[in-house]
Amino acid sequence: MSSRALFFFALLAFSAVSCFAENEEEPGLVMDFYKDSCPQAEDVIREQVKLLYKRHKNTAFSWLRNIFHDCAVQSCDASLLLDSTRRSLSEKEMDRSFGMRNFRYIEEIKEALERECPGVVSCSDILVLSAREGVVRLGGPFIPLKTGRRDGRRSRAEILEQYLPDHNESMSTVLEKFADMGIDTPGLVALLGAHSVGRTHCVKLVHRLYPEVDPQLNPDHVGHMLKKCPDAIPDPKAVQYVRNDRGTPMIFDNNYYRNILDNKGLMMVDHQLATDKRTKPYVKKMAKSQDYFFKEFSRAFTILSENNPLTGTKGEIRQQCNVANKIHD
């Protein structure tokens, strides 16, 4: 065999090995990622969520909000959970994260998993799966999700506002930011259906009440809002809030859509969702059919949960969810 032919076969062999190594290194997200390394992982998370929900029902809202605030900011890598350090500010301390709490319960789930399978399950998978189980606790659909995410090592606070939609932004801006994650218009409408549960702090809605009441608000709802938010400049630390859905505040259902069509949406994004010609048809469809809402929510939730994750050898498995691991030289 000539030297040229030997070189050609060697090159082919090298290419095959390189491709194999690349595939081995970055397997991506898969269903039941922990089936061998920690087969009980998802069951542990489910049971912990059940226990915590039984003790503190509001935790379910926190878990649901966690996945949006983490995965919408460039990557599902649990950067949201990192505390501030001397060099970087935590995402938890940004204005867009106002009202977020109960992060300690993520840590409780992590501790339970560490007892079963030390150093195996990532905080980013815990964050995503606890949100999934929170939806179930509130009466929503069970959503099969892939796992295998790894944890980032840095806060993304400096770019948070660039990625995370604000409740007062135009619908065009909100649609654009969701589209950047691969979430289409019905998906956006469905994800905002998470406002079916939980509550909104007065800080986020007083601009619709003072100095004058927004004429677009349903007059029958205004009295309740004014009672709950009696101050034009509310104390951010005070427990002053309005339930997102007075009818079924603890049930994940399609009542939200009927409310916003009746001009009872608390925030501007709720009002815009029901009036913008691009989103209103889907709002009306979800108001009529909970099955359609659940189907679209499950689809969009899955896309959100798979937004640019760290997998393979990227990132790390944090020992504690609020602190990146120490690197030893």
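Heavy-atom basis, side chains included; hydrogens, waters and symmetry copies ignored. When a residue number appears, it is its place in the shown sequence, counting from 1.
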Exercise for the section: Taking atom types as modelled, find out whether Thr200 and Asn244 have a side-chain donor-acceptor pair closer than 3.5 angstrom. Expected result: yes

Problem - Check: Arg149 main-chain N/O paired with Asp125 side-chain donor or acceptor under 3.5 Å - result: yes

Handout entry: Interatomic distance, Asn308 atom CG to Cys76 atom SG [nearest 0.5 angstrom]
Key = 8.5 Å

Practice task
Look at the side chain of Ser305 and the backbone N and O of Val128, then say whether any donor-acceptor pair between them is shorter than 3.5 Å.
Solution key: no

Problem - Side-chain touch His224/Lys228, heavy atoms, less than 4.5 angstrom - result: yes

Exercise for the section: Find out whether Pro144 and Met31 are in side-chain contact, i.e. whether some heavy atom of one side chain is under 4.5 Å from a heavy atom of the other. Expected result: yes

Exercise for the section: Indicate if Val197 and Tyr241 have the same hydrophobic cluster label, given that clusters are the connected sets of ILVMFWY residues with side-chain heavy-atom separations under 4.5 angstrom. Expected result: no

Practice task
Kindly indicate whether the side chain of Ser130, heavy atoms from C-beta on, has any atom under 4.5 Å from the side chain of Asn66.
Solution key: no

Practice task
Would you check if Met250 and Phe61 make a side-chain contact, meaning some heavy-atom pair closer than 4.5 Å?
Solution key: yes

Exercise for the section: Flag the pair Leu310 / Asp151 as yes when at least one side-chain heavy-atom distance between them is below 4.5 Å, and no otherwise. Expected result: no

Practice task
Answer yes or no: are there more than 12 heavy-atom neighbours, outside Glu212 itself, under 6.0 Å from its atom CD?
Solution key: no

Handout entry: Over all atoms of both residues, closest heavy-atom pair of Val242 and Cys229
Key = CG2-SG, 3.8 Å

Problem - Cluster check Leu164, Leu89: I/L/V/M/F/W/Y, side chain < 4.5 angstrom - result: yes

Problem - Enclosure of Lys92 NZ (heavy-atom neighbours >12, cutoff 6.0 Å) - result: yes

Handout entry: Under 3.5 Å: donor-acceptor pair, side chain of Asn307, backbone of Cys71
Key = yes

Exercise for the section: Tell me yes or no: between the side chains of Glu93 and Ser84, is some donor less than 3.5 Å from an acceptor? Expected result: yes

Practice task
Check Lys35 against Pro39 and note the closest heavy-atom contact, atom names and distance.
Solution key: O-CB, 3.4 Å

Exercise for the section: Treat each ILVMFWY residue as a node, draw an edge where side-chain heavy atoms are under 4.5 Å apart, and state whether Ile45 and Ile106 are in one component. Expected result: yes

Exercise for the section: Show your reasoning for whether salt bridge (charged side-chain N to carboxylate O under 4.0 Å, His left out) applies to Glu107 and Lys110. Expected result: CA-CA 5 Å; Glu107 210 62 61; Lys110 174 67 170 172; over 6 Å; no

Practice task
Measure the CE-CD distance between Met267 and Gln272 for me, rounded to the nearest 0.5 Å.
Solution key: 11.5 Å

Problem - Modelled atom types, side-chain donor and acceptor of Ser289 and Asp291, under 3.5 Å - result: no

Problem - Over 12 foreign heavy atoms within 6.0 Å of CD, Glu306 - result: yes

Practice task
Show your working on side-chain hydrogen bond (donor to acceptor under 3.5 Å, both in side chains) between Gln48 and Glu108 and close with a plain yes or no.
Solution key: CA-CA 8 Å; Gln48 285 295 310; Glu108 286 192 30; over 6 Å; no

Practice task
Give a yes or no on whether the backbone of Cys321 and the side-chain of Arg318 come within a donor-acceptor separation of less than 3.5 Å.
Solution key: yes

Problem - Exercise: do Ser170 and Thr173 side chains pair donor with acceptor under 3.5 Å - result: yes

Handout entry: Side chain Gln319, main chain Gly119, donor-acceptor under 3.5 Å
Key = no

Practice task
Start with the C-alpha distance between Phe297 and Phe252, add both sets of side-chain angles, then the distance that settles ring-ring contact (aromatic ring centres under 6.0 Å, His included), and finish with yes or no.
Solution key: CA-CA 11 Å; Phe297 181 85; Phe252 189 87; 4.8 Å; yes

Problem - Any side-chain donor near an acceptor of the partner, Asp245 and Asn259, under 3.5 Å - result: yes

Problem - Heavy-atom side-chain contact between Leu29 and Thr147 under 4.5 Å - result: no

Handout entry: Contact summary for Val120 and Cys38, nearest pair of heavy atoms
Key = CG1-CB, 3.9 Å

Practice task
Quick one: closest heavy-atom pair of Pro186 and Met286, and the distance?
Solution key: O-CE, 3.4 Å

Problem - Spacing of OG belonging to Ser155 relative to CG belonging to Leu82, to within rounding of 0.5 Å - result: 7.0 Å

Problem - Verdict with reasoning, Val283 to Ile260, per side chain to side chain contact (heavy atoms under 4.5 Å, CB included) - result: CA-CA 9 Å; Val283 170; Ile260 62 175; 3.8 Å; yes

Practice task
Report yes or no: is the cationic atom of Lys57 (NZ for Lys, CZ for Arg) closer than 6.0 Å to the six-membered ring centre of Tyr53, at no more than 45° off its axis?
Solution key: yes

Practice task
State whether Tyr163 and Lys177 meet the cation-pi test: NZ (Lys) or CZ (Arg) under 6.0 Å from the six-membered ring centroid, and within 45° of the perpendicular axis.
Solution key: no

Exercise for the section: Determine whether more than 12 heavy atoms belonging to other residues, nucleotides or ligands lie under 6.0 Å from atom CZ of Arg55. Expected result: yes

Practice task
Could you tell me whether Phe68 and Phe178 have their ring centroids closer than 6.0 angstrom?
Solution key: yes

Practice task
Output the distance between atom CD (Glu176) and atom CD (Glu169), rounded to the nearest 0.5 Å.
Solution key: 10.0 Å

Problem - side chain to side chain contact (heavy atoms under 4.5 Å, CB included) between Leu273 and Met171, worked out - result: CA-CA 7 Å; Leu273 202 68; Met171 186 50 62; 4.0 Å; yes

Exercise for the section: Indicate whether the side chain of Asp214 and that of His207 have a donor and an acceptor atom separated by less than 3.5 Å. Expected result: no

Handout entry: Check: Glu91 and His69 side chains under 4.5 Å, non-hydrogen atoms
Key = no

Exercise for the section: Look at atom CG of Asp235 and say whether more than 12 heavy atoms of other residues, nucleotides or ligands are closer to it than 6.0 Å. Expected result: yes

Exercise for the section: Give the minimum heavy-atom separation between Ser75 and Arg156, together with the two atoms involved. Expected result: CB-NH2, 3.6 Å

Completion exercise
CG of Asn218 to CG of Asp262, rounded to nearest 0.5 Å, is 5.0 Å

Practice task
Verify the cluster assignment for Met181 and Leu145: are they in a single hydrophobic cluster under the rule of side-chain heavy atoms below 4.5 Å apart?
Solution key: yes

Practice task
Without swapping roles, check the side chain of Asp70 against the backbone of Asp77 for a donor-acceptor pair under 3.5 Å.
Solution key: yes

Handout entry: Between Asn102 and Thr59, a side-chain donor and acceptor under 3.5 Å
Key = no

Practice task
Of all the heavy-atom pairs spanning Lys314 and Arg150, show the shortest one and how long it is.
Solution key: O-NE, 2.6 Å

Handout entry: Contact check, side chains of Val174 and His167, non-hydrogen atoms, under 4.5 Å
Key = no

Problem - Pair Tyr256, Asp270: side-chain N/O donor-acceptor within cut-off below 3.5 Å - result: yes

Exercise for the section: Group every Ile, Leu, Val, Met, Phe, Trp and Tyr by side-chain heavy-atom contacts under 4.5 Å, then state whether Tyr210 and Leu266 land in the same group. Expected result: yes

Handout entry: Backbone of Val203 reached by a side-chain donor or acceptor of His201 within 3.5 Å
Key = yes

Practice task
Applying side chain to side chain contact (heavy atoms under 4.5 Å, CB included), run through Thr275 and Lys280 and close with a yes or a no.
Solution key: CA-CA 6 Å; Thr275 55; Lys280 186 174 182 178; 5.8 Å; no

Exercise for the section: Taking Arg132 for its side chain and Ile143 for its backbone only, find out whether a donor-acceptor pair lies under 3.5 Å. Expected result: yes

Exercise for the section: Examine the side chains of Gln240 and Asp231 and answer whether a donor and an acceptor come within less than 3.5 Å of each other. Expected result: yes

Exercise for the section: Consider only side-chain N and O atoms of Ser124 and Ser122, and report whether a donor and an acceptor are under 3.5 Å apart. Expected result: yes

Practice task
Return the orientation label for the Tyr257 and Phe293 ring planes: parallel under 30°, perpendicular over 60°, tilted otherwise.
Solution key: perpendicular

